[in-house]
Number of protein chains: 2
Amino acid sequence: MARLSIVTDNPRPASRPERSAKAEQTRQTIIDAAMRLFRTHGYDKATMRAIADEAGVSIGNAYYYFSSKEHLIQAYYDGINAEHAERAAATLATATTFADRLTGVLLAWVDVAEPYHEFAGKFFKNAAEPSSPLSPFSADSEATRVAAIDLHRQVIDGSDIKLAKALRAELPELLWLLQMGVVLFWVHDTSDGQRRTRQLVEQAVPVVDRALRLTRIPGVRGLVDDVVGLVRTIKPTAG
Amino acid sequence: MARLSIVTDNPRPASRPERSAKAEQTRQTIIDAAMRLFRTHGYDKATMRAIADEAGVSIGNAYYYFSSKEHLIQAYYDGINAEHAERAAATLATATTFADRLTGVLLAWVDVAEPYHEFAGKFFKNAAEPSSPLSPFSADSEATRVAAIDLHRQVIDGSDIKLAKALRAELPELLWLLQMGVVLFWVHDTSDGQRRTRQLVEQAVPVVDRALRLTRIPGVRGLVDDVVGLVRTIKPTAG
DNA sequence: ACCAAGAGTTGAACACGTTCAAGAATGGAG
DNA sequence: CTCCATTCTTGAACGTGTTCAACTCTTGGT
């Protein structure tokens with residue numbers, strides 16, 4: 001797995017000095033220890049005490065770097081996302097049609113996330129709470145969310161699809177929502193290799209593609225405007 | 001609020017003897033104490049110790065009746081559902097158009113759930129874990145889920161809307177999914193009185209209504225078949 | 001009346017995530 | 001080098017949900 005991109009949970013002003021090299025190393029040590037324990041012993045056994053122990057630091061020290069266990073898990077989550085972005089970029093470099101590009105991006109996520117499926121449920125549980133920093137709708141996740149939405153903008157922009165301007169502007173966010181739906185399905189998917197989730201993606205994408213191409217016919221255009229209006233009304237302050 | 005219907009977390013075979021009257025009373029006392037504390041002091045302050053204390057029993061005794069704090073919260077959830085079904089029935093008795101019926105059912109839920117919004121997130125957290133019996137997709141929730149889906153069947157059947165047979169068969173499930181989406185939005189909605197969720201419902205329902213009425217025009221019919229096919233493929237074993 | 005057997009009840013104890021006051025190491029200014 | 005402010009580190013302690021062995025009470029059969 002690619003190197004993790006670590007998200008500072010309390011981002012400082014850019015003017016402040018950087019963290020020392022040693023501190024950065026300790027931080028990474030803790031994350032590595034956490035990853036190791038999650039993989040080998042599962043979510044429940046990977047207690048903050050065990051992680052700190054594995055990393056060779058005190059509990060308090062672990063909390064100096066990560067203000068909660070959830071923030072520590074978020075480093076994990078960020079790692080998955082970083083690898084997804086990487087693989088998705090590879091797909092986007094070759095695929096040209098909208099359907100192929102979207103399928104590629106969604107399946108890349110399923111591929112990358114597969115090793116974590118076992119404890120994804122536990123992770124998901126924490127992410128579901130609105131006040132949790134792990135929630136995909138939270139302020140803490142904004143950077144990740146924006147990046148993911150931008151990925152879908154690339155899916156659209158690099159493709160052959162023709163869309164009304166207003167729809168094109170809102171579609172990346174809607175596709176991200178679709179991805180969240182896929183994740184929801186994936187979490188509940190117990191088939192091996194998450195076969196059914198892949199099936200869902202492969203069947204759903206052509207439907208989406210077809211629906212989008214229908215947006216240009218007269219009777220449907222008004223509906224599209226309504227949908228765009230709805231999204232715009234609902235978006236600003238809440239997820 | 002109407003009387004709570006209590007769900008036994010470990011349902012026994014019907015042949016077993018009933019719980020004693022005194023036990024049933026103690027059980028109810030604990031729930032009442034929990035409700036009181038949740039309402040007055042919020043979720044975090046309503047610790048198991050505080051609840052047991054308020055009910056005049058020991059901690060261990062509270063756990064004798066509810067195998068976890070989650071199960072205690074489920075009593076709450078069941079109460080909401082029961083009251084929703086009641087209010088929805090009232091709406092369905094008078095509203096005739098599809099849009100009015102759907103809006104009525106969805107807003108009824110928002111009305112009923114409003115007092116619980118503060119700690120709904122905590123409940124939601126538990127419900128999100130796939131292995132949890134509280135998950136709306138779980139086998140344990142099947143009765144509740146089937147009832148809710150049937151409610152949406154009534155929304156359709158009693159209305160003026162005309163739909164293709166295949167779509168009509170799958171639509172109740174899709175509307176239930178829409179309701180789950182509304183709940184997801186509602187959980188994250190911090191506007192007062194969940195104003196924005198009501199706005200979402202009032203704006204989204206006409207769009208859904210319009211979309212459904214478009215399903216009869218020729219170019220769209222193929223898409224509808226695809227969607228129905230997708231739903232049927234995906235439904236059987238996973239949520 | 002007596003006695004098992006089960007139902008109901010208890011609170012100390014456990015492991016967990018998290019906090020905090022206190023101390024140790026670091027690095028730049030003089 | 002000395003000093004001091006800042007960064008980094010520590011582990012005991014807190015409150016939480018949950019468990020459990022031991023206890024008391026209730027019930028029904030003899």
Side-chain angles (χ1 to χ4, degrees), chain A residues 8-10 12-13 15-31 33-34 37-38 41-76 119 122-123 125-126 129 131-134, chain B residues 8-10 12-13 15-31 33-34 37-38 41-74 119 122-123 125-126 129 132 134:
Chain A
T8 310
D9 47 57
N10 290 317
R12 299 135 188 272
S15 61
R16 285 291 215 88
E18 289 294 319
R19 225 185 309 278
S20 75
K22 187 185 174 195
E24 193 56 54
Q25 189 185 328
T26 305
R27 195 188 186 78
Q28 193 62 49
T29 304
I30 295 169
I31 292 168
L37 287 184
F38 277 131
H41 293 82
Y43 182 89
D44 287 329
K45 292 289 181 63
T47 67
M48 286 302 278
R49 281 168 183 79
I51 291 168
D53 213 49
E54 175 86 9
V57 300
S58 67
I59 311 168
N61 199 210
Y63 274 94
Y64 179 78
Y65 289 102
F66 300 94
S67 54
S68 74
K69 192 181 183 181
E70 300 197 344
H71 279 100
L72 186 45
I73 298 171
Q74 188 165 33
Y76 215 47
F119 55 84
K122 306 291 175 105
F123 174 79
K125 171 177 172 169
N126 292 328
E129 194 181 348
S131 60
S132 166
L134 290 178
Chain B
T8 309
D9 47 56
N10 291 316
R12 299 134 188 271
S15 61
R16 287 288 215 89
E18 289 294 320
R19 225 184 306 278
S20 76
K22 186 186 175 194
E24 193 56 54
Q25 188 185 330
T26 305
R27 195 186 186 79
Q28 193 62 48
T29 303
I30 294 169
I31 291 168
L37 287 184
F38 278 133
H41 292 81
Y43 182 89
D44 287 330
K45 292 290 181 64
T47 66
M48 287 302 279
R49 283 168 182 79
I51 292 168
D53 213 50
E54 174 85 10
V57 300
S58 68
I59 311 168
N61 198 209
Y63 274 92
Y64 178 77
Y65 289 103
F66 300 93
S67 53
S68 73
K69 197 180 181 181
E70 300 184 13
H71 280 99
L72 190 44
I73 298 171
Q74 189 168 29
F119 51 86
K122 311 286 175 145
F123 172 79
K125 172 178 173 169
N126 295 327
E129 194 180 348
S132 166
L134 276 60

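Remember, predicted model here, so these are calculated numbers, not experimental data. Here is the naming used below: chain letters follow the sequence lines, and residue numbers restart at 1 for every chain. Only this structure's heavy atoms are used, side chains among them; waters, hydrogens and symmetry mates stay out.
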Nucleotide [N], atom [atom2] - distance to [atom1] of [X] in whole Å:
X: A/M48; N: D/dT10; atom1: CE; atom2: C1'; answer: 15 Å
X: A/L37; N: C/dC16; atom1: CG; atom2: P; answer: 12 Å
X: A/N61; N: D/dT7; atom1: CG; atom2: C1'; answer: 11 Å
X: A/K69; N: C/dT18; atom1: NZ; atom2: P; answer: 8 Å
X: B/D53; N: D/dG15; atom1: CG; atom2: C1'; answer: 15 Å
X: A/I59; N: C/dA22; atom1: CD1; atom2: P; answer: 19 Å
X: A/F66; N: D/dC8; atom1: CZ; atom2: C1'; answer: 15 Å
X: A/I51; N: C/dT18; atom1: CD1; atom2: P; answer: 11 Å

Exercise. What distance do B/T29 atom OG1 and B/I51 atom CD1 have between them, rounded to the nearest 0.5 Å?
Worked result: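 One finds 13.5 Å between OG1 of B/T29 and CD1 of B/I51.
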
Exercise. Could you give the distance from OG (A/S58) to CZ (A/R49), rounded to the nearest 0.5 Å?
Worked result: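 Here the rounded value is 11.5 Å.
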
For [X] and [N], is the shortest distance between a side-chain N/O and OP1 or OP2 below 4.0 Å?
X: B/Y63; N: D/dT18; value: yes
X: B/Y65; N: C/dT9; value: yes
X: B/Y64; N: C/dT9; value: no

Problem set entry | Side-chain-base donor-acceptor pair under 3.5 Å for B/R49 and D/dG15 |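 When only heavy-atom distances are counted, B/R49 does not reach the base of D/dG15 through any donor-acceptor pair under 3.5 Å.
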
Exercise. Between D/dT9, C/dT18, C/dT10, which nucleotide has the shortest distance from any of its atoms to the side chain of A/T26?
Worked result: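 So the nucleotide nearest the side chain must be D/dT9.
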
Problem set entry | Face-on cation placement of B/R27 at B/Y64 ring, 6.0 Å and 45° thresholds |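 Judged by the rule, B/R27 and B/Y64 form no cation-pi pair.
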
Exercise. Should the pair A/K69 and A/Y43 be classed as cation-pi, given the thresholds of under 6.0 Å to the six-membered ring centre and 45° from the axis?
Worked result: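 Verdict for A/Y43: a cation-pi partner in A/K69.
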
